[in-house]
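Okay, so here's the structure we're looking at.
Note that this is a predicted model, so its numbers are computed, not measured. Naming convention: chains lettered A, B, ... in sequence-line order (proteins, then strands); numbering from 1 in each chain.
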Number of protein chains: 2
Amino acid sequence: MRIAELSKRSGVAVATIKYYLREGVLPPGERTSPNQADYSEKHQHRLRLVRALVEVGGLSIAGVRDVLGTVDAPQPDLTWTLSTVQLAMFPIPEATEGPTRSSAEDTVTRLLDDLGWSCPSDHPAAQALAAVLATADDLGHPGMADLLPRYARAAGEVAKADLDYIDRSPSLDDAAEGVAVGTVLGDSMLAALRRMAQVSESINRYGEKAGAKPG
Amino acid sequence: MRIAELSKRSGVAVATIKYYLREGVLPPGERTSPNQADYSEKHQHRLRLVRALVEVGGLSIAGVRDVLGTVDAPQPDLTWTLSTVQLAMFPIPEATEGPTRSSAEDTVTRLLDDLGWSCPSDHPAAQALAAVLATADDLGHPGMADLLPRYARAAGEVAKADLDYIDRSPSLDDAAEGVAVGTVLGDSMLAALRRMAQVSESINRYGEKAGAKPG
DNA sequence: ACAGTATGGATAGCGACACTCTCCACTATC
DNA sequence: GATAGTGGAGAGTGTCGCTATCCATACTGT
């Protein structure tokens with residue numbers, strides 16, 4: 001198919017598709033003449049994936065490029081693939097310093113120890129967690145740390161489900177894409193469910209009232 | 001204190017503080033003369049809160065304004081406060097249409113029913129969940145829906161912890177801020193813990209190898 | 001008292017980002 | 001052979017979160 005049809009089928013503007021081609025998040029079509037190319041269902045699928053990563057996952061175009069680079073070069077080491085996707089999604093950690101931050105790092109180390117998790121305490125995610133705890137502390141909400149065990153238990157369950165899902169993939173390629181899709185969509189899914197559960201729990205405890213929508 | 005000291009203490013540039021004042025996310029200082037104002041510890045705290053919402057929660061300035069508007073007008077109805085904060089954080093849902101979307105909505109309705117959650121199935125969060133499921137379907141990953149029960153159980157646990165945390169607040173003002181902080185920081189906390197748990201679980205299943213950092 | 005600095009307020013500018021538009025030589029199609 | 005569409009490249013657009021510049025006035029140190 002040609003670019004106009006790819007655009008029509010995907011609902012993405014031609015100019016945007018050209019932009020994605022330029023940015024390298026969509027591979028070029030197969031040349032049929034100096035200025036004519038042919039796009040396949042693979043391009044259609046890739047375009048959907050790009051849109052999902054951008055719209056649902058909130059990734060930047062550069063982040064999408066990173067993730068797709070990993071998906072396209074499937075390593076047998078899924079741990080590596082997982083870490084790469086995670087890094088593309090959460091490129092944050094710009095380490096802060098200070099007493100609250102140090103004690104937050106201790107808290108995280110202790111948590112990992114208590115849980116027996118095989119995650120290094122200098123992992124970006126662990127650093128991010130320490131940063132969040134330090135922020136809560138600075139805001140005068142040190143009680144957030146008390147939530148850690150329950151949050152961690154829930155996160156552990158989710159992670160097991162995630163890895164089970166990846167394990168079901170028939171091929172390495174599928175597993176790599178499964179990691180990307182699962183990481184990105186899983187985050188949104190979990191966030192949505194948390195909000196729903198909060199609303200439900202809130203209604204159960206405090207009553208319905210204006211419940212659903214305040215605006 | 002004057003603006004220069006507020007800037008020094010908070011690490012936020014004077015120009016940025018002026019910008020926040022203009023945007024209404026920081027209340028004006030107390031006038032002492034036509035062009036002189038005095039800022040208190042309250043401003044310092046508010047500034048920290050704004051930075052946390054922006055940096056950790058990824059909220060836009062407009063989103064911060066919405067959240068703070070709710071925090072500053074504490075309603076006795078915590079369900080309302082919760083919903084408002086949620087809306088400011090996830091203003092997404094721009095409803096799509098199509099067969100996958102409809103069946104995703106059915107799936108969500110059924111899930112709510114099975115779980116016995118008191119969350120209306122037309123709640124924005126439920127819509128967001130349906131959108132995610134539809135996206136997964138369109139991407140050729142219909143198996144994501146199988147993860148729902150385990151995800152939901154985990155989300156339920158987290159939500160109970162969240163509401164327990166809010167319940168501990170001594171005053172209504174504190175509860176309102178607790179909702180905002182808890183919702184925003186809780187999301188980041190949960191995401192970080194999920195990543196850590198994924199890494200841990202991945203190492204347990206597939207071995208260490210390049211584990212922590214691929215780049 | 002008076003130079004030097006800081007302040008609040010308003011306006012304009014900047015850099016990043018994700019597109020979107022315009023132009024071009026050329027090709028496909030009617 | 002007129003018309004519409006193509007790939008490619010560059011410039012332009014709108015939004016966002018600041019950041020810089022001005023200005024008249026106010027505070028500060030000597």
Side-chain angles (χ1 to χ4, degrees), chain A residues 1-40 43 46-68 88-89 91-92 94, chain B residues 1-40 43-44 46-68 88-89 91-92 94 184:
Chain A
M1 86 190 77
R2 292 185 301 176
I3 202 169
E5 183 159 0
L6 184 59
S7 167
K8 197 175 298 177
R9 287 201 203 178
S10 62
V12 177
V14 171
T16 305
I17 295 175
K18 286 184 177 183
Y19 167 64
Y20 288 165
L21 289 166
R22 250 176 292 151
E23 292 299 312
V25 297
L26 194 65
E30 196 185 340
R31 274 295 130 49
T32 62
S33 17
N35 68 337
Q36 212 80 171
D38 195 56
Y39 302 93
S40 66
H43 289 91
R46 170 57 61 97
L47 204 42
R48 269 199 291 261
L49 184 54
V50 170
R51 294 308 301 168
L53 294 177
V54 167
E55 287 176 358
V56 181
L59 269 69
S60 68
I61 297 300
V64 172
R65 188 168 44 228
D66 290 351
V67 170
L68 294 180
M89 287 195 59
I92 317 169
E94 188 200 314
Chain B
M1 86 190 77
R2 292 187 301 177
I3 203 169
E5 182 160 0
L6 183 59
S7 168
K8 196 175 298 175
R9 287 200 202 178
S10 63
V12 177
V14 170
T16 304
I17 295 175
K18 286 184 177 183
Y19 168 66
Y20 288 164
L21 290 167
R22 247 177 294 146
E23 294 298 314
V25 297
L26 193 64
E30 196 186 340
R31 275 294 133 49
T32 62
S33 17
N35 69 337
Q36 211 80 170
D38 195 57
Y39 302 94
S40 66
H43 290 90
Q44 217 181 318
R46 170 58 59 99
L47 205 41
R48 267 199 292 261
L49 184 54
V50 170
R51 296 307 301 168
L53 293 176
V54 167
E55 287 177 357
V56 180
L59 269 69
S60 67
I61 297 299
V64 171
R65 188 168 43 228
D66 290 351
V67 170
L68 294 180
M89 287 195 60
I92 315 168
E94 187 199 315
V184 173

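- Set against C:dG9, C:dA6, D:dG7, the side chain of B:Arg31 has C:dG9 as its closest nucleotide.
- The distance from atom NE2 of A:His43 to atom P of D:dT6 is 15 Å, rounded to the nearest whole Å.
- Of the candidates B:Leu6, B:Val50, B:Ile17, B:Ile17 is the only one forming a side chain to side chain contact (heavy atoms under 4.5 Å, CB included) with B:Val12.
- Residue contacts shown for A:Ala37 are limited to sugar-phosphate atoms, with no base heavy atom under 4.0 Å away.
- With a 4.5 Å cut-off on side-chain heavy atoms, B:Val184 and B:Val67 do not count as touching.
- Residue B:Tyr19 places no side-chain N or O under 4.0 Å from the OP1 or OP2 atom of C:dC14.
- The shortest side-chain heavy-atom distance between B:Leu59 and B:Asp66 does not fall under the 4.5 Å cut-off.
- In this entry the distance linking CD1 of B:Ile17 with P of C:dG9 reads 14 Å, nearest Å.
- Using a 4.5 Å heavy-atom threshold, the side chains of B:Arg51 and B:Tyr20 count as touching.
- As a whole-Å value, the separation of A:Lys8 NZ from D:dT6 P is 10 Å.
- Rounded to whole Å, the distance from CG on B:Leu21 to P on C:dG9 is 8 Å.
- In this structure, the separation between CZ on B:Arg46 and OG on B:Ser10 is 14.0 Å, given to the nearest 0.5 Å.
- Direction of the helix axis in the helix from C:dA1-D:dT30 to C:dC30-D:dG1 shifts by 0° between the two five-pair termini, rounded to 10°.
- Here OG1 of A:Thr32 is found 8.5 Å from CZ of A:Arg2. Values are rounded to the nearest 0.5 Å.
- Proximity of A:Leu53 to A:Leu68: side-chain heavy atoms (C-beta onward) are separated by under 4.5 Å at one or more points.
- Scanning both residues, B:Arg31 and B:Pro34, for their nearest heavy atoms gives CD-O, 4.3 Å.
- Taking atom CD of residue A:Glu23 and atom C1' of nucleotide D:dG7, one finds them 16 Å apart after rounding to whole Å.
- Nucleic acid contact for A:Arg51: sugar-phosphate only, since backbone atoms but no base atoms lie under 4.0 Å from a heavy atom of the residue.
- In terms of phosphate contacts, A:Tyr20 brings a side-chain nitrogen or oxygen within less than 4.0 Å of OP1 or OP2 of C:dC19.
- Spacing between atom OH of B:Tyr39 and atom P of C:dA6 amounts to 16 Å, rounded to whole angstrom units.
- If you measure from atom CE of B:Met1 to atom C1' of C:dA6, you get 16 Å, rounded to the nearest angstrom.
- With hydrogens and angles disregarded, a donor-acceptor distance shorter than 3.5 Å links the side chain of A:Arg65 to the backbone of A:Glu23.
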Collect all protein-nucleotide pairs involving nucleotides 26-30 of chain D in which both atoms are nitrogen or oxygen and the distance is under 3.5 Å.
unit_1, atom_1, unit_2, atom_2, d
D:dA26, O4', B:Asn35, OD1, 3.2
D:dC27, OP1, B:Ser33, OG, 2.9

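- Taking only side-chain atoms of A:Lys18, from C-beta outward, the nucleotide of D:dG8, D:dG5, C:dG8 with the closest atom is D:dG8.
- Distance from the side chain of A:Arg22 is smallest for C:dT20 among the nucleotides C:dA18, C:dT20, D:dG5.
- Computed from coordinates, the B:Leu26 CG to C:dG9 P distance equals 12 Å when rounded to whole Å.
- In this structure, A:Tyr39 and A:Leu47 have side chains that are not in contact, with every pair of non-hydrogen atoms separated by 4.5 Å or more.
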